[in-house]
Amino acid sequence: MTHDAMIDEWYPVGLFSKLDAGGRKTALMGEPIDVARDAEGNARVTGGNGRPLPVCVRYGHVWSSLGAPQKALFAIPEADQAGRRFVDVGVVRVRCSPLRAVENFLDIAHFPFVHTDILGAEPHTEVQNYKVEIREDEVWATQVKFYQPQAAKSASGGITTEYMYRVPAPTCAVLYKTCPPRPGEWDVITLFVQPLAEDLCDVWPWMALYDDTTTLTDLIHFQQTIFLQDRSILENQIPRLLPLDPGMEIPTRADLTSVAYRRWLKRHDYTYGAQLVAQ
């Protein structure tokens with residue numbers, strides 16, 4: 001089976017700030033790659049046979065592709081706003097499909113059960129109605145509201161948090177959520193997923209926040225706590241690949257974003273890390 005549609009996409013392959021001349025050996029969609037800085041300090045990526053691969057440095061990360069990307073990396077306008085703090089969270093390796101990792105990030109209903117007393121709590125378990133649409137060929141979920149005991153490190157108590165979710169690329173998702181210190185703005189939390197193989201990925205969270213008080217260490221620790229809680233769920237999901245056959249898993253009203261994401265993947269033939277038919 002070929003995965004041509006996903007081969008031509010951009011993927012995160014490392015933090016630019018951590019790169020040195022010695023490089024970082026990793027993988028992309030099953031192919032060994034090497035990520036390093038050249039003599040001029042620029043990022044370079046080479047494939048397993050030494051062939052140079054496309055390179056882009058954005059949002060604190062080095063991006064590359066095994067194919068020939070037909071368009072520039074998606075835009076996150078908040079990345080250029082003055083006054084925001086940009087946080088490289090690091091990497092979490094997860095034994096699951098890269099598509100599963102993105103879908104889990106889009107799942108609101110698990111907050112009270114997996115992130116208890118942080119992003120959710122019983123009895124506040126009901127997911128209120130929200131809107132899902134395709135905008136300029138991206139999946140968007142808006143008007144998402146959820147009670148959270150501690151929505152962000154900058155939050156001092158429980159608040160009803162508003163969310164927007166955006167999927168601009170098959171293995172990337174952007175979350176916009178209520179910014180406690182600045183109610184008129186959104187905090188931005190992203191999930192950039194590097195597909196190492198169909199059932200293994202490196203997850204690179206990145207944040208653009210208005211928070212002048214929390215230490216960098218605490219911001220990173222708060223976010224890593226969330227993702228490590230998610231990892232235990234992701235690594236136990238069966239099947240390991242993401243089913244795209246609508247009859248394989250039964251969705252509920254809370255799963256509207258997941259359903260839209262799976263349909264969008266199928267429509268674009270983004271199938272690396274997917275299970276197409278029931279087994």
Side-chain angles (χ1 to χ4, degrees), residues 1-74 88-105 167-173 190-206 227 231 234-235 237 239-244 261 264-266 268-276:
M1 182 189 296
T2 60
H3 301 289
D4 293 348
M6 284 183 69
I7 277 184
D8 290 328
E9 294 288 328
W10 289 104
Y11 300 98
V13 293
L15 282 174
F16 183 69
S17 62
K18 302 291 186 186
L19 272 193
D20 56 26
R24 171 178 188 267
K25 294 191 182 304
T26 180
L28 186 56
M29 299 174 78
E31 180 172 328
I33 63 170
D34 189 73
V35 187
R37 286 192 193 230
D38 62 19
E40 285 76 45
N42 300 312
R44 63 170 174 79
V45 183
T46 51
N49 55 4
R51 70 182 174 112
L53 296 176
V55 178
C56 167
V57 177
R58 194 75 169 105
Y59 317 129
H61 292 76
V62 180
W63 300 74
S64 191
S65 174
L66 295 182
Q70 302 301 301
K71 56 190 178 189
L73 185 65
F74 54 87
D88 300 334
V89 177
V91 65
V92 178
R93 179 156 295 181
V94 189
R95 291 189 303 276
C96 77
S97 158
L99 307 180
R100 279 270 193 208
V102 171
E103 187 194 52
N104 177 78
F105 187 71
V167 182
T171 69
C172 294
T190 69
L191 197 75
F192 302 146
V193 182
Q194 175 184 352
L196 302 170
E198 287 206 81
D199 59 356
L200 184 69
C201 58
D202 275 349
V203 176
W204 302 89
W206 179 82
F227 283 108
R231 182 168 71 177
L234 282 165
E235 294 191 339
Q237 285 184 323
R240 204 176 283 276
L241 303 185
L242 181 69
L244 295 188
Y261 174 57
W264 180 81
L265 290 171
K266 201 169 184 179
H268 288 285
D269 197 28
Y270 291 144
T271 54
Y272 189 84
Q275 184 172 318
L276 297 179

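- Residue Trp10 comes nearest to Lys71 through the heavy atom pair NE1-O, 3.1 Å, listed as atom of the first residue, atom of the second, then distance.
- Residues Leu244 and Tyr270 share a closest heavy-atom pair of CD1-O, 4.3 Å.
- In this structure, OG1 on Thr271 lies 9.0 Å from CG on Leu265, to the nearest 0.5 angstrom.
- Within the 4.5 Å cutoff, no side-chain heavy atoms of Phe105 are placed close to those of Val203.
- You'll find the side chain of Leu99 reaches within 4.5 Å of the side chain of Tyr261, heavy atoms only.
- The structure places CG of Leu66 at 7.0 Å from CD1 of Ile33, a figure rounded to the nearest 0.5 Å.
- Of the possible polar contacts, none joining the Arg95 side chain to the Arg240 backbone as a donor-acceptor pair under 3.5 Å is found.
- Annotation: salt bridge (Lys or Arg N to Asp or Glu O under 4.0 Å) contacts of Asp202 (sequence neighbours excluded): Arg24, Arg93.
- Identified under the salt bridge (charged side-chain N to carboxylate O under 4.0 Å, His left out) test for residues 26-38, with sequence neighbours left out: Lys25-Asp34, Glu31-Arg51, Asp34-Arg44.
- For Ala72, there are no side-chain contact (heavy atoms from CB on, under 4.5 Å) partners two or more places apart in sequence or in a different chain.
- Formation of a donor-acceptor pair under 3.5 Å by the Ser97 side chain with backbone atoms of Gly273 is found in this model.
- No side-chain heavy atom of Thr171 sits less than 4.5 Å from a side-chain heavy atom of Glu9.
- Nearest heavy-atom pair, Asp88 versus Ser17, reported as atom, atom and distance to 0.1 Å: OD2-OG, 3.8 Å.
- Among residues two or more places apart in sequence or in another chain, the side-chain contact (heavy atoms from CB on, under 4.5 Å) test is passed with Ala27 by Leu196.
- Distance check, rounded to the nearest 0.5 Å: CH2 of Trp206 to CG of Leu15 gives 11.5 Å.
- With contacts defined as side-chain heavy-atom distances shorter than 4.5 Å, the pair Met6/His268 does not qualify.
- The shortest distance between side-chain heavy atoms of Cys96 and Cys201 falls below 4.5 Å.
- Summarising the geometry of Pro98 relative to Ala197, their closest heavy-atom pair is CD-O, 3.7 Å, with the distance given to 0.1 Å.
- Residues Cys172 and Thr190 are not in side-chain contact: their nearest non-hydrogen atoms beyond the backbone lie 4.5 Å or more apart.
- Pro168 and Ala173 make their closest contact through CD-CA, 4.2 Å (heavy atoms, listed as atom of the first residue, atom of the second, distance).
- Here the closest heavy-atom approach between residue Tyr272 and residue Pro195 is recorded as CE2-CB, 4.1 Å.
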Check: residues 52-63 side-chain donor-acceptor pairs under 3.5 Å, at least two apart:
from	atom 1	to	atom 2	distance (Å)
Arg58	NH2	Asp80	OD1	3.3
Arg58	NH2	Asp80	OD2	3.1
Tyr59	OH	Phe74	O	2.7
Tyr59	OH	Ile76	N	2.9
His61	ND1	Tyr59	O	2.8
Trp63	NE1	Arg58	O	2.9

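- The closest side-chain heavy-atom distance from Val35 to Ser64 is not below 4.5 Å.
- Note: Ile7 CD1 to Leu28 CG = 9.0 Å, rounded to the nearest 0.5 Å.
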